[in-house]
Q: 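Right, I'll just put the structure down here and ask away after.
Counting convention: from 1, in listed order, for ligands and their atoms alike. FYI, the numbering just counts along the sequence from 1.
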Amino acid sequence: MSEQVERGRGRGDVDGYEKHGGFPVYRAAEDDGGPDFGRLIEAMRVLQDAAVSVSAPADVVRQAAEQAEALAALLEPHRVPEGQQPGGRSMGLPGRGSLLMLPWTVDKFDATGVRSTGVFRRFHMGGNGAAHGGTLPLLFDDLFGMITHAYGRPISRTAYLHVNYRKITPIDTPLVIEGQVDRVDGRKTFITAKLMDAEGTVLADGEALMLVLLPGQP
Ligand SMILES: CCCCCCCCCC(=O)SCCNC(=O)CCNC(=O)[C@H](O)C(C)(C)COP(=O)(O)OP(=O)(O)OC[C@H]1O[C@@H](n2cnc3c(N)ncnc32)[C@H](O)[C@@H]1OP(=O)(O)O
């Protein structure tokens, strides 16, 4: 039977939903990882763009490999368990400071929906100037997670995610994605979203079913 969940309630405010399945408690990083963390993550993205778009002399590639290995060795001793690192939890940074997520900026986040803006970068390219098809479901899935959260639903997992590719999605072009909860039915949250260019042309649209986790579910 369908139910109308009160809009605008925060996570944990809904009776019986305080456990979020088997998920540990996730909190936003208080200081976005400190003064230089965002800078590090953006430099890593620029490096990824460069690494996949250069054709450099062997000596330059060797030097770059050595510097990348040295950088990894510098960071390696500071690994922490999931949920303690600022990467992915820094709400003030593009893509929350994650290198997996698209480096987009959320400019609307409430119970009526979530909107995010940004560009697909060179390292997201599939071919002929278009974003790789696999990067779009990533963008949609992350948005659907945020929409679920902003709506006040407990942590949910994607049961299905459907993307319609309507037009080529260009890299290095400002785009916007926006979506909202359409319907709630028990554990099920049905969500839709659209990816558009600056003129409002729909490049892709998507829908998903997000399922609230049962106690202990991973
Ligand atoms: C701040 C931190 C934020 C962290 C966010 C994390 C979320 C990120 C979002 C993700 O990307 S999650 C990763 C991708 N998804 C997964 O890995 C999910 C893997 N699948 C599962 O874990 C389970 O299949 C799942 C928990 C989704 C559901 O298993 P259950 O055994 O709990 O549910 P069940 O199969 O009994 O289905 C419950 C209802 O949903 C329906 N259902 C399930 N899968 C469906 C499907 N694919 N299509 C249509 N209906 C579906 C099912 O028919 C049934 O409907 P009824 O209640 O009406 O009978």
Q: Hey, mind stepping through Asp205 and Lys194 against salt bridge (Lys or Arg N to Asp or Glu O under 4.0 Å) and telling me if it holds?
A: CA-CA 4 Å; Asp205 53 67; Lys194 289 178 180 171; over 6 Å; no
Q: Can you find an N/O atom of Asp141 closer than 3.5 Å to an N/O atom of ligand 1?
A: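 Between Asp141 and ligand 1 (N or O atoms, distance only) the closest approach is under 3.5 Å.
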Q: Measuring from atom 39 (C) of ligand 1, which candidate in Lys188, Met210, Arg27, Met91 has the nearest non-hydrogen atom?
A: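 Looking at heavy atoms only, the winner is Lys188.
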Q: Quick check: does Ala159 get an N/O under 3.5 Å from an N/O on ligand 1?
A: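 Yes; the residue has a nitrogen or oxygen that sits under 3.5 Å from a nitrogen or oxygen of the ligand.
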Q: Test: side chain to side chain donor-acceptor pair (under 3.5 Å). Region: residues 85-98. Which pairs qualify, not counting sequence neighbours?
A: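 Listed once each, the pairs are Arg96-Asp142.
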Q: Is there a donor-acceptor pair under 3.5 Å between the side chain of Thr201 and the backbone N or O of Glu199?
A: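 Not at all, since once roles are kept as given, no pair shorter than 3.5 Å links the two residues.
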Q: Any idea which heavy atoms bring Ala111 and Tyr151 closest together, and the distance?
A: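 Minimum heavy-atom separation between Ala111 and Tyr151: O-CD1, 3.2 Å.
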Q: Quick one: look at Pro218 and ligand 1, take heavy-atom pairs under 4.0 Å, and tell me if it's side chain, backbone, both or neither.
A: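 Contact part for Pro218 vs ligand 1: neither.
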Q: Only pairs at least two apart or in different chains count here, so list each side chain to side chain donor-acceptor pair (under 3.5 Å) that has a residue in residues 41-53.
A: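 Every pair satisfying side chain to side chain donor-acceptor pair (under 3.5 Å) with a residue in residues 41-53: Glu42-Arg45, Glu42-Arg121, Asp49-Arg121.
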Q: Who's closest to atom 17 (O) of ligand 1 heavy-atom-wise, of Arg157, Arg187, Arg96, Arg89?
A: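 That would be Arg157.
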Q: For ligand 1, which atoms sit closer than 4.0 Å to a heavy atom of Ser156?
A: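 Contacts of ligand 1 toward Ser156, numbered from 1: 7 (C).
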Q: Would you give the length of the straight line joining atom NE2 of His149 to atom CZ of Phe109, rounded to the nearest 0.5 angstrom?
A: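 It comes to 5.0 Å.
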Q: Any side-chain to backbone donor/acceptor pair from Ser156 onto Pro154? Under 3.5 Å, distance only.
A: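 Pair found, side chain donor or acceptor close to backbone of Pro154.
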Q: Within the 4.0 Å heavy-atom shell around Leu209, which atoms of ligand 1 are there?
A: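 Near Leu209, the atoms of ligand 1 are 49 (C), 50 (N), 51 (C).
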Q: Could you tell me whether some N/O pair between Thr158 and ligand 1 is separated by less than 3.5 angstrom?
A: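 Between Thr158 and ligand 1, an N or O pair is found under 3.5 Å apart.
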Q: Given that the side chain starts at C-beta and the backbone is N, CA, C, O, which of these parts of His149 lies under 4.0 Å from ligand 1, counting heavy atoms, or is it both or neither?
A: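 Neither part.
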Q: Under 3.5 Å between any N/O of Gln217 and any N/O of ligand 1: does that happen in this structure?
A: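 So ligand 1 has an N or O lying under 3.5 Å from an N or O of Gln217.
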Q: Would you tell me which option among Asp185, Leu211, Leu138, Thr148 has the nearest heavy-atom contact to atom 28 (C) of ligand 1?
A: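 Considering heavy atoms of Asp185, Leu211, Leu138, Thr148, the nearest to atom 28 (C) of ligand 1 sits in Leu211.
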Q: Hydrogens and angles aside, do Gln180 and Thr112 bring a side-chain donor and acceptor to less than 3.5 Å of each other?
A: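 Checked: Gln180/Thr112 side chains show no N/O donor-acceptor pair below 3.5 Å.
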Q: Tell me, please: is Gly186 in heavy-atom contact with ligand 1, that is, under 4.0 Å?
A: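 For ligand 1, residue contact (heavy atoms, under 4.0 Å) with Gly186 is absent.
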